[in-house]
Structure formats: structure tokens, C-alpha cells
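Each chain gets a letter, A, B and so on, in the order its sequence line appears, and its residues count up from 1. Model, not experiment: these values are computed from the prediction. Computation of the quantities below employed the complete heavy-atom set of this structure, encompassing side-chain atoms and omitting hydrogens, waters and symmetry-equivalent molecules.
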There are 2 protein chains.
Amino acid sequence: MPSSIPDIVISRLPVYLRALERLSHEGQEVTSSHELGKRLGISSAQIRKDLSHFGGFGKQGTGYRITYLKDQLRQVLNVERDWEVALIGAGDLGSAVARYRGFSNRGFHIACVFDSSPEKINKHLGEFVIQPLESMAAVIVERGIKIAMIAVPAESAQSVADTLIGAGVRAILNYAPINLNVPDNVHVQYIDPVIHLQRMTYYLE
Amino acid sequence: MPSSIPDIVISRLPVYLRALERLSHEGQEVTSSHELGKRLGISSAQIRKDLSHFGGFGKQGTGYRITYLKDQLRQVLNVERDWEVALIGAGDLGSAVARYRGFSNRGFHIACVFDSSPEKINKHLGEFVIQPLESMAAVIVERGIKIAMIAVPAESAQSVADTLIGAGVRAILNYAPINLNVPDNVHVQYIDPVIHLQRMTYYLE
DNA sequence: TAGATTGTTAATCGATTAACAATC
DNA sequence: TAGATTGTTAATCGATTAACAATC
């Protein structure tokens, strides 16, 4: 029963971690489930319950020491180490992702960038040299990369995903607005701004 | 009881709509809850249950006519009309969002772009002229804009949100990696790639 | 000690699934 | 008609919340 913890619990841990990073950035050293809950719009009971799946991180009467809880959550989430991530697609979106400064202090860094269009190959993108799609599988196997971000057009996303998975990638963050079919042992997350917008327009007017 | 439909149901409708658009793009005219469910990794019962909140859109024996179901979902989600969206922040991320071609055929278009840094004001960004943050409230009130996307640094996100809400914005898509405090009648959605990545590393190794 | 807050249990609440009559 | 698939009900499953003893 090593992994009987509900995925919905896992999905909240990074949010807790981000809030804790914010709090310590603001100079705070201790917090409580109530304070955290108020910031996040979540009940304090839920936060305590979620955390209790992994151990007793707090102290009655005083709450949680932020540095300690941060470390514990990082350990649970497996982001104490630094993960190499492959980026596929060097268009507008891919370029923005490549230049994004927010990965490095949160457990990730982009290791390589690939694109299919011949005129982009060997061009620089920030600190990276864009490599051809044909080299992708080999590079990923060689470096043992397990995480990839897909920022190619919807039409090519599935075939890129297939190649990635064949090369050993186990987690995909997909920016293309399309659902991917992947084996059970591969994880996929989606980022599609329109999905979020449409979810809100339901409530408007 | 106009809005007793669970938010979790609403959150799946845009995903259904996207899959239907894909199917009709592929030339298909009819689908079933089974086919849709298989594509999305969702049970067919859940799809039928979700849709049944809004009416009977299918036919026993044959399934759903795709064009019809698409239209119905667009109506439910309130994206038959076109929504004007304000974009705040013209850095790397904001620029990529501004250039993104995926909004227009799905119910949204960017109407104006704002940034705080003096050297960007009046510069062009794609088809837009970057306007100063000081004009933001006035422009949003005047145009009656209800939706905004925040792509500014975490430090300024909350104060930008406060101004937006004061100007009448009711839905915010926040790209800044920070939780926003907003009144109950304002909707917020978050896009933070690191949250998604951290959710997957839990399962790796 | 008095006050505060945890971790946990039990109760509540809500969402998903299974099953099937209705019907195209 | 036979086969397929819907919409819906009831049963199951799982997640959230309330409450409180333990204790800092």
C-alpha cells in the first residue's frame, strides 16, 4: 500500500508548498492550518488531513515551522532534487516557456529544446541551442530525461508524445490543446488557457 | 435553483467541447458517450450524467450529433458570444499570450494590453499598442470588460487584481505563481506550470 | 495554568458508477 | 426485428467537515 494516497491530496501539496514559499519570502517563520487555509480558500481541517497522510509536521498549540514543513513537502513531492526537463516546440509559446525564470528554484530546469522546422535548428533560444526533432529520442535516452513539456501544434502533439514515451519520458506537461493517449505508467498534465476561461464564462452575466 | 450544478461538472464541459471540436475537425459527425469517454479517459456514465444536467442532447441507439452537441455546450458555457479579454503584463509570458492564436475561434479575443514599465508604453506587441497601467481601470470600465489575464510578477499580481475588480472585472486567469484574494463574486483560475510538474514528480522514480 | 492548535475519528456530504428501462 | 446507446435511478464509493482529546 505504498501509494494509497488519493491523487486529489497530491494535487494540493504543490499549492501548499507555493504558499509556504510565499510566507517565508515575507519573513514569516511559523504558520497554522487556519492561516494557510484562509490564504488558499481551503478549510483548515482539509489541510491538516492532507498533511497527516505523510506524518505529523506540526505542534499542538503553535502550528507549523515553515522551513521544516517546506522541506518535508519537497521531500514528499520528490523535488528536493533537480529535474531535467525537455522542451519540444520553439514557437511563441515554447520560446516563452524557455525564457521563463520560474522553474529553477522550484525543482526543475530545462535541459534541451527541440523543434521540427529546419530554419530554427541550431539557432539560439535564450541559453539553448535548438535541436532537430530527429535527435530528440537519442538525447532523451542518453541524458535519462523523464519529464517533457510539449509546446507544438495540436496536430503533432500525439506523435511527439509517442516518441517521448518511447525514449523513456514518464511525465508530460502538454501545452497543446488536445488530449493525449498514453499508457498507464505515464503521467500527463494539461495547460490550456481557453479551458480555464470557458470554465469561468459559465458563471458570467 | 438556477445554479445548483456542481462546479466540477462545469469544469469538464470545456474539455468535452474541445474533444468535440477535434472530432468534427477530423470529419466525424456523430459520437457516443463511450467513444468520448475512451478518448478522454473518463467513464461514459459520467459523460452522460454531466450532459443530462442541461438537457437530453443525444438519441438512444445512435449517440450525439457532434455539431448539435457543440452548439449546445457553447450555449451552456456562454461562449457563443465573443468575450473581450484584457491582458496585463507584456513581459515574456504576456507577449506569448498576446501572440497566441488559439483564443479567437473559441470565444475570446484580447482587447487591450497593459504594462507598468515606461519603456514599453506605446510600443507595439503584435497587433496591440501597450498601454500604461494607469489607464487600465478607465479602459476596462469604458469597454465593459469582464475578463482579464494577469501575467505580471507575483509581487504585483494582487494589487493588479484589486484594480481590475474595482473596474468591474469578474473573471481572472492568473499566470502569476501566487494565490489571489478576491470577493466571492469574482472567479479566479490559475496557470502555474510548476504546480503541474510537481504534481507529477510525486509519482516518478 | 489558560489558550491555541494539532492529528484523528466519526459523521456528513457529494460525486462516481453500475444497471436498466426506454427507444432510436 | 435486433443491436446500440441514451437518460436516469439507486447503490457505491470517496472526500470533506465537524468535533475533540491530546498536548505544546
Side-chain angles (χ1 to χ4, degrees), chain A residues 1-17 19-20 23 28-73 75-76 199 202, chain B residues 1 3-17 19-20 23 28-73 75-76 184 199 202:
Chain A
M1 81 189 72
S3 190
S4 57
I5 294 162
D7 181 62
I8 194 152
V9 171
I10 305 303
S11 78
R12 283 189 292 259
L13 300 183
V15 179
Y16 298 164
L17 179 55
L20 290 166
L23 279 168
Q28 206 165 314
E29 294 189 348
V30 173
T31 188
S32 69
S33 59
H34 295 273
E35 181 181 47
L36 217 42
K38 213 178 148 213
R39 286 223 175 195
L40 299 175
I42 288 180
S43 82
S44 62
Q46 179 158 86
I47 291 175
R48 292 199 300 281
K49 188 111 213 286
D50 285 351
L51 295 178
S52 75
H53 283 102
F54 306 97
F57 300 140
K59 268 207 182 62
Q60 286 103 323
T62 63
Y64 303 90
R65 286 208 41 244
I66 291 175
T67 357
Y68 177 70
L69 186 51
K70 263 167 46 183
D71 283 347
Q72 293 298 311
L73 285 181
Q75 230 166 280
V76 168
R199 182 177 172 178
Y202 172 81
Chain B
M1 80 187 74
S3 190
S4 58
I5 294 162
D7 182 61
I8 193 151
V9 172
I10 305 304
S11 77
R12 283 189 291 259
L13 300 184
V15 179
Y16 298 164
L17 179 54
L20 291 166
L23 279 168
Q28 205 165 315
E29 294 189 349
V30 172
T31 189
S32 69
S33 58
H34 294 272
E35 181 181 46
L36 217 42
K38 211 178 149 213
R39 285 221 175 195
L40 299 175
I42 288 179
S43 81
S44 62
Q46 179 159 86
I47 292 175
R48 292 198 301 279
K49 187 110 212 287
D50 284 351
L51 295 178
S52 75
H53 282 103
F54 306 97
F57 300 140
K59 269 206 181 63
Q60 287 102 322
T62 63
Y64 303 90
R65 286 209 39 245
I66 291 174
T67 358
Y68 177 70
L69 186 52
K70 263 167 45 183
D71 282 347
Q72 294 298 312
L73 285 181
Q75 229 166 281
V76 168
D184 283 345
R199 181 177 172 180
Y202 172 80

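- For the pair Glu35(B) CD and dT6(D) P, the interatomic distance rounds to 10 Å; values are reported in whole Å.
- Of the side-chain N and O atoms in Arg48(B), none sit less than 4.0 angstrom from OP1 or OP2 of dA18(C).
- Distance CG (Asp50(B)) to P (dG7(D)): 12 Å, rounded to an integer number of Å.
- More than 12 heavy-atom neighbours from other residues, nucleotides or ligands sit within 6.0 angstrom of CD on Gln28(B).
- For the atom pair CD (Gln46(A)) and CG (Leu36(A)), the distance works out to 11.5 Å, reported to the nearest 0.5 Å.
- For residues 52-71 of chain A, proximity to DNA chain C is found at Ser52(A), Gly56(A), Phe57(A), Gly58(A), Lys59(A), Gln60(A), Gly61(A), Thr62(A), Gly63(A), Tyr64(A), defined as any non-hydrogen atom under 4.0 angstrom from a strand atom.
- Going from atom CD1 of Ile5(B) over to atom OH of Tyr202(A) covers 4.0 Å, rounded to the nearest 0.5 Å.
- The CD1-P distance, from Ile47(B) to dA15(C), rounds to 17 Å in whole Å.
- Checking the phosphate oxygens (OP1, OP2) of dT16(C), no side-chain nitrogen or oxygen of Ser43(B) falls inside 4.0 Å.
- Using Watson-Crick or G-U wobble geometry with both donor-acceptor distances under 3.5 Å, dA10(C) finds its partner in dT17(D).
- Atom pair Ile8(A):CD1 and dG14(D):P shows a separation of 13 Å (rounding to whole Å applied).
- Distance, Gln46(B) CD to dT6(D) P: 15 Å, rounded to whole Å.
- The distance from atom NZ of Lys49(B) to atom P of dA19(C) is 16 Å, rounded to the nearest whole Å.
- OP1 and OP2 of dT5(C) both lie 4.0 Å or more from every side-chain N or O belonging to Ser33(A).
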